[in-house]
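This report refers to the structure that appears directly beneath it.
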Protein chains: 2
Amino acid sequence: MQLRRHDVLDGAIAILDEYGLADLTMRRLASSLHVQPGALYWHFPNKQTLLGAVADRILEPIDAPVTAVSWDGQLLELAHRLRDALLSIRDGAELVSATYASRLTTTQAREKFVKAALRAGMPRPEAELAAYTLLYYVLGHTVDEQSRMQMDSYGALTEDASPLFETPDATARFDFGLQLFVGGVRNRLGDRVRA
Amino acid sequence: MQLRRHDVLDGAIAILDEYGLADLTMRRLASSLHVQPGALYWHFPNKQTLLGAVADRILEPIDAPVTAVSWDGQLLELAHRLRDALLSIRDGAELVSATYASRLTTTQAREKFVKAALRAGMPRPEAELAAYTLLYYVLGHTVDEQSRMQMDSYGALTEDASPLFETPDATARFDFGLQLFVGGVRNRLGDRVRA
DNA sequence: ACCTGAACACCGTTCAAGT
DNA sequence: ACCTGAACACCGTTCAAGT
């Protein structure tokens, strides 16, 4: 019957997925676990830390080894895996982008992106900058995409014909930006070779 | 002595710049204006709307006409202007990126980016996607940059040698991603021409 | 070691009533 | 038209005290 750190995280994920980030409060989480709010503070020093742990959970799938061999294939694979992880749970993108203010730096995910960029033939410092550029894009796009899903699901049901959705589906739009990025990297490497 | 909508915004900006977004509460704002909290709700329906108005204020400088003539010059100019606007006030990037969950759609800023992309020779749907891609990058980069400025200013004073800051300065790092993006657009246009 | 009870210092929002 | 007073329904966090 004892409350474990693991159970707290499970409870947090459950509330997040059912009711959304706004309803993920310490008090609500405590009561869903049949426990007083203060009890949570034995397992986590504060809410921010708890949310960080939830974010890590969401991003776990990214740690699987990359199967693609080409650098661009690896980047695409990683970007899609990140997006999929964020979309796998309600408000996942918002939570991760909010708690990772600068925590992306510490993440394994970041290092994986960097490695793929290194494989493309970029020097370390450039590869890191390129990795960040791609991460910003994936996060920004996915936060936007997910918030629109929420808005569409209840309320404004495509009232005024969303001005942008003649464009295929969300995945195709995501891929467009990805291709732009990969093209940018390719373009830069080309310059270097020709110089 | 009457409170005007304009004064409320001025007060909000003042609190934001002096104490940060976390301290920008309706109650704190009200008391800084020597008024009861409820008074604010005569001028704004809720906090979200007020923050939206603050965000619009911050982004005003972007509405100035673009001086560059080439499409890539225009994109660089707009991106820098956006970044400068966000950095001009404490937590500006965080506020804008938080309140513009999907409000970027409605913004003049977005349309300006689209126009520059059209000028590059992209068809409408692609130009819109490219504009979003760039916007996500600028917002993501600037939120990160500004949050790090805050962290550096008090507290963790580059204790463990921030792993990434051998790279020049923030502006140079920003430009790297910009060039990557422009290169991506150029690359894509090249394909089209050659095809 | 792990949790309760109870408090502290806050929030955003509403709304009758005042002027 | 514009604001006050006062309440409602919440927050995150702390900490003595219990088991």
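This is a predicted model, so every value here is computed, not measured. Protein chains get the first letters and strands the later ones, always in sequence-line order, with residue 1 at the start of each.
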- Heavy atoms under 4.0 Å is the rule here; annotate nucleotides 10-19 of chain C 5' to 3' with B where the base is hit, S where only the sugar-phosphate is, and - elsewhere. -BBBB-----
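Evaluation of the ring-ring contact (aromatic ring centres under 6.0 Å, His included) test over residues 52-75 of chain A, restricted to residues two or more places apart or in two chains, returns none. Among residues at least two apart or in separate chains, side chain to side chain donor-acceptor pair (under 3.5 Å) pairs with a member in residues 6-22 of chain B are His6(B)-Asp10(B), His6(B)-Arg57(B), Asp10(B)-Arg57(B). Legend: ring-ring contact (aromatic ring centres under 6.0 Å, His included) pairs involving residues 73-92 of chain B, not counting sequence neighbours, sorted by first then second residue: His80(B)-Phe174(B).
Applying the salt bridge (charged side-chain N to carboxylate O under 4.0 Å, His left out) criterion to Arg119(A), with sequence neighbours excluded, gives no partner residue. With sequence neighbours left out, Ala117(A) forms a side chain to side chain contact (heavy atoms under 4.5 Å, CB included) with Met122(A), Ala127(A). Remark: Gln74(B) engages no residue in a side-chain hydrogen bond (donor to acceptor under 3.5 Å, both in side chains) (not counting sequence neighbours). Residues meeting the salt bridge (charged side-chain N to carboxylate O under 4.0 Å, His left out) test with Arg28(A), sequence neighbours left out: none. Scored by the side-chain hydrogen bond (donor to acceptor under 3.5 Å, both in side chains) test, Glu77(B) finds Thr67(B), Arg81(B) as partners (sequence neighbours excluded).
For DNA chain D, no neighbouring residue in residues 10-17 of chain A is found when judged by any heavy atom under 4.0 Å.
Distances shown here put a side-chain N or O of His43(A) below 4.0 Å from the OP1 or OP2 atom of dC3(C). Contact check, His34(A) against dC3(C): no side-chain N or O comes under 4.0 Å of OP1 or OP2. For Gln36(A), a side-chain nitrogen or oxygen approaches OP1 or OP2 of dG5(C) to under 4.0 Å.
A straight line from CH2 of Trp42(A) to P of dT4(C) spans 14 Å, rounded to a whole angstrom.
Counting only Watson-Crick and G-U wobble pairs whose two key distances fall under 3.5 Å, DNA chain D forms stems of three or more stacked pairs at C:4-8 with D:12-16, C:12-16 with D:4-8.
Spacing between dC8(C) and dC10(D) at atom C1', rounded to whole Å, works out to 15 Å. When the P atom is compared between dA9(D) and dA9(C), the two are found 23 Å apart, to the nearest whole Å.
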Give the table of side-chain donor-acceptor pairs shorter than 3.5 Å for residues 37-49 of chain A, with sequence neighbours excluded, one pair per line with atom names and distance.
| residue | atom | partner | partner atom | Å |
| --- | --- | --- | --- | --- |
| His43(A) | NE2 | Leu3(A) | O | 3.3 |
| Asn46(A) | OD1 | Gln48(A) | N | 3.4 |
| Asn46(A) | OD1 | Thr49(A) | N | 2.9 |
| Asn46(A) | OD1 | Thr49(A) | OG1 | 2.7 |
| Lys47(A) | NZ | Leu24(A) | O | 3.1 |

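Residue Leu33(A) comes nearest to Val8(A) through the heavy atom pair CD1-CA, 4.1 Å, listed as atom of the first residue, atom of the second, then distance.
Formation of a donor-acceptor pair under 3.5 Å by the Glu94(B) side chain with backbone atoms of Ser147(B) is not found in this model.
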